[in-house]
**Q** 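The structure's right below; bear with me while I get my questions together.
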Amino acid sequence: MSYTSFTFVILFFAITYVLHSLIPQKYKWCVLFVSSWAFYVLSTRGHIIPMLATTAIVWASALVIQKFTDEFKEKKKGLEKPERKALKEKYAKKKRVFVTFGVLASIGILLFLKYFNFFTGTVNSIAGTSIAELDLVHPLGLSFYSLQAVSYLVDVYRGKYRAEKNPLKFSLYLSFLLTVTEGPIARYDQLGTQLINSRKVEKKDFDIGVQLLLLGLFKKVVVADRLSGFVDGIFDSYEDYLSSGGMLIAIAVLFYTIQLYCDFSGIMDVIGGMGKLMGIDLPDNFTQPFFANSINNFWQRWHISLGSWLRDYIFYPISLSKPFMKLSKSTKKKLNPYYATMIPTAVALFFVWFSNGLWHGASWKYICYGLYYYVLMMIGMLLEPLFVKLKKALKTDKHEKAYLCFQIIRTDIIVCIGMFIFRAESLTVFAKMLKAVFTSFSISGALNAEKLGIDIKDLLIILVSVIILFVIGYMRENKKGLGEKIASKPGIVKFILNIIAIMAIIIFGAYGESYGIKDLIYAGF
């Protein structure tokens with residue numbers, strides 16, 4: 001069920017919002033709990049066993065870990081240092097058993113339901129076996145709530161916060177209707193505590209919430225949904241464009257990059273606005289990613305919650321583990337400090353980017369999508385000393401703005417190639433389409449594209465919309481937030497601006513038989 005659908009807005013959000021506003025503070029979380037589970041049960045058509053299993057296992061494991069933590073704190077009082085150290089190690093072993101069990105169970109359910117057929121298919125093709133595929137259901141939000149469950153359990157184990165005793169309150173954190181479909185992958189201290197103790201909604205929250213909601217709808221309905229017909233037409237019938245449609249393929253890649261951004265970040269704005277209206281601040285998942293000046297910077301701005309999760313729960317545990325610390329020390333004795341530090345980092349980053357690709361889907365193209373960025377980052381790290389010398393020789397500091405523009409354009413091109421891999425049906429199809437871009441780049445072929453379901457009016461709407469989004473992004477990038485400026489205006493001005501925005505969405509939105517209802521792209525992951 002799409003967050004932009006009439007059913008969700010009226011049946012779920014509107015009713016939830018009214019009840020959440022009217023009910024006493026102490027019981028607001030109950031409204032969110034009932035609404036979230038009603039949404040989840042209806043959206044998954046009753047396939048809730050995996051969610052229930054993950055919730056129960058992680059909740060119980062965290063309580064046991066908390067019990068051991070409290071016992072240790074109580075028993076260590078008055079003990080000498082050697083005894084205290086021995087007691088600490090004893091309880092650390094106990095806690096490790098339960099955190100390991102909870103993490104493996106959560107990830108195990110995810111791997112089994114999402115990747116079992118992929119793994120068996122790979123084994124069959126390599127080993128010549130005939131392991132049968134299973135008819136498995138991929139529950140809504142599986143990839144999102146599983147990572148939230150792991151982060152919660154590990155954070156309780158690390159002592160970041162105490163375990164939640166109430167199973168219903170913990171269940172709300174994993175199943176919250178605004179985040180379960182597409183994230184963001186919020187930590188418990190970012191989201192869970194707010195759901196239980198949501199703050200009072202201020203006037204500014206309401207104003208910014210409405211703005212975010214309208215901006216997200218504009219991105220999704222006006223831009224993303226309008227582009228989908230053209231993009232799908234090219235990629236679904238790619239063979240028709242291999243001989244003379246290289247330019248159309250290149251345009252489709254650019255349009256898909258814009259479509260994916262407007263679809264995903266648009267929905268993040270929609271749910272962020274809905275959250276604001278209820279006094280809930282969701283973590284940012286996008287911060288002007290196309291203004292990034294490097295691949296690393298891009299991934300600090302794109303799908304931020306996934307990147308930070310991979311950093312905190314894969315990169316740091318691996319790079320700071322005892323074997324890697326020993327590796328770092330040994331390399332420092334044999335290599336210069338820069339490359340000595342790079343080797344352990346490179347190994348840890350491999351697992352990060354492999355996991356990033358695999359998280360997106362059970363396919364080798366997604367794994368290659370992740371490793372594509374890994375290879376580029378490794379090349380950048382290897383050549384960094386050379387780049388530093390080159391920048392000094394070229395005196396780029398004297399042409400700082402021009403050099404920054406070059407970096408941004410270069411990064412965006414690299415990102416578009418990555419999106420090419422992401423959208424293509426397979427790696428083989430990607431290779432064929434990429435070859436066509438360079439061998440059949442025909443302008444005349446691009447001009448004869450009426451059958452693709454996009455005309456000059458669509459292109460004009462897309463162009464104006466992208467310019468509007470660019471201006472908004474540019475203002476945010478330069479700390480000139482448009483939202484805060486509008487929120488400070490008199491009520492009549494805000495009302496008129498909101499009406500204009502609503503009318504623009506209604507008039508220019510991609511509706512009707514030619515478009516149909518478009519599914520959320522990241523809901524499929």
Side-chain angles (χ1 to χ4, degrees), residues 218-266 288-292 295 298 302 365 368-369 372-373 405-406 408-471 473 508-510 512 514-516 518-519 521-522:
F218 181 82
K219 287 180 178 179
K220 167 65 177 168
V221 177
V222 177
V223 183
D225 288 355
R226 188 175 299 279
L227 287 171
S228 64
F230 177 84
V231 172
D232 292 346
I234 297 291
F235 279 94
D236 293 347
S237 304
Y238 70 93
E239 291 179 335
D240 297 339
Y241 307 97
L242 295 181
S243 59
S244 61
M247 186 174 181
L248 282 174
I249 292 173
I251 294 171
V253 172
L254 174 62
F255 279 7
Y256 177 69
T257 303
I258 298 171
Q259 178 200 356
L260 182 60
Y261 169 71
C262 287
D263 187 281
F264 195 9
S265 73
Q288 299 77 251
F290 296 108
F291 286 90
I295 291 301
F298 175 82
W302 177 283
K365 77 164 185 177
C368 289
Y369 167 76
Y372 164 76
Y373 287 107
C405 287
F406 162 75
I408 292 173
I409 293 171
R410 175 203 61 192
T411 302
D412 289 344
I413 292 173
I414 291 171
V415 168
C416 283
I417 297 172
M419 295 303 180
F420 200 168
I421 301 171
F422 195 83
R423 180 60 179 82
E425 183 181 319
S426 65
L427 291 173
T428 303
V429 172
F430 163 71
K432 290 179 180 179
M433 294 178 75
L434 182 63
K435 180 182 177 182
V437 171
F438 292 101
T439 59
S440 62
F441 198 84
S442 171
I443 296 177
S444 60
L447 295 176
N448 186 25
E450 295 86 357
K451 63 180 180 179
L452 294 174
I454 192 168
D455 56 24
I456 190 65
K457 290 184 291 184
D458 290 314
L459 291 173
L460 185 59
I461 291 171
I462 291 165
L463 177 62
V464 173
S465 300
V466 169
I467 291 173
I468 292 171
L469 295 177
F470 174 83
V471 171
F508 299 111
S514 299
Y515 299 101
K518 305 300 179 184
D519 293 331
I521 296 175
Y522 257 74

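Counting begins at 1 with the first residue of the sequence.
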**Q** Let me confirm one number: the OG1-NZ distance from T439 to K432, rounded to the nearest 0.5 Å.
**A** 13.0 Å
**Q** When rounded to the nearest 0.5 angstrom, what distance separates CD1 in I462 from CD1 in I258?
**A** 8.0 Å
**Q** Identify which one of F255, Y256, Y241 satisfies the ring-ring contact (aromatic ring centres under 6.0 Å, His included) criterion when paired with F230.
**A**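 Between F230 and the candidates, ring-ring contact (aromatic ring centres under 6.0 Å, His included) is satisfied uniquely by F255.
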**Q** For the atom pair CE (M433) and CZ (F235), what is the distance rounded to the nearest 0.5 Å?
**A**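 One finds 4.5 Å between CE of M433 and CZ of F235.
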**Q** If the condition is ring pair (Phe, Tyr, Trp, His ring centres under 6.0 Å), which residues does Y373 pass it with, not counting sequence neighbours?
**A**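 With neighbours one apart ignored, the set is W299, W353, Y369.
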**Q** If you look at every heavy atom in P289 and W302, which pair is closest and at what distance?
**A**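 Here P289 and W302 meet closest at CG-CE3, 3.8 Å.
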**Q** Between C416 and V253, what is the shortest heavy-atom contact and its length?
**A** O-CG1, 3.3 Å
**Q** Nearest 0.5 Å, please: how far is CZ in F438 from CD1 in I249?
**A**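 I249 CD1 to F438 CZ: 11.5 Å, rounded to 0.5 Å.
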**Q** For residues T257 and F290, determine if any side-chain heavy atom of one lies less than 4.5 Å from a side-chain heavy atom of the other.
**A** yes
**Q** For S243 and S440, which heavy atoms make the closest approach, and how far apart are they?
**A** O-CB, 3.0 Å
**Q** Report yes or no: does K365 contribute a side-chain atom to a donor-acceptor pair with the main-chain N or O of A424 at less than 3.5 Å?
**A**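 Pair found, side chain donor or acceptor close to backbone of A424.
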**Q** For residues V221 and G509, report the shortest heavy-atom separation together with the two atoms involved.
**A** CG1-CA, 3.6 Å
**Q** Pair F291, F470 - check ring-ring contact (aromatic ring centres under 6.0 Å, His included), show working.
**A** CA-CA 10 Å; F291 286 90; F470 174 83; 5.5 Å; yes
**Q** What pairs of residues pass the salt bridge (charged side-chain N to carboxylate O under 4.0 Å, His left out) test when at least one of them lies in residues 419-428, not counting sequence neighbours?
**A** D232-R423, D236-R423
**Q** Distance-only, no hydrogens or angles: does the K219 side chain make a donor-acceptor pair with backbone N or O of D263 under 3.5 Å?
**A** no
**Q** Is any side-chain heavy atom of F420 closer than 4.5 Å to a side-chain heavy atom of V437?
**A**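 F420 vs V437: side chains touch.
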**Q** Report the distance from atom CD1 of I421 to atom CG of L434, rounding to the nearest 0.5 Å.
**A**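 Atom-to-atom, I421:CD1 and L434:CG are 8.5 Å apart.
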**Q** Can you sort out the partners of S465 under side-chain contact (heavy atoms from CB on, under 4.5 Å), two or more places apart, ordered by chain and number?
**A**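 For S465 the side-chain contact (heavy atoms from CB on, under 4.5 Å) partners, ignoring immediate neighbours, are F218, V222, V223, I461.
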**Q** Under 3.5 Å, side chain of Y372 to main-chain N/O of I414, donor-acceptor pair present?
**A** yes
**Q** Could you state the interatomic distance from CG (L459) to CG (L227), rounded to the nearest 0.5 Å?
**A** 9.0 Å
**Q** Using every non-hydrogen atom in the two residues, find where Q288 and G473 come nearest and quote the distance to one decimal.
**A** CG-O, 3.4 Å
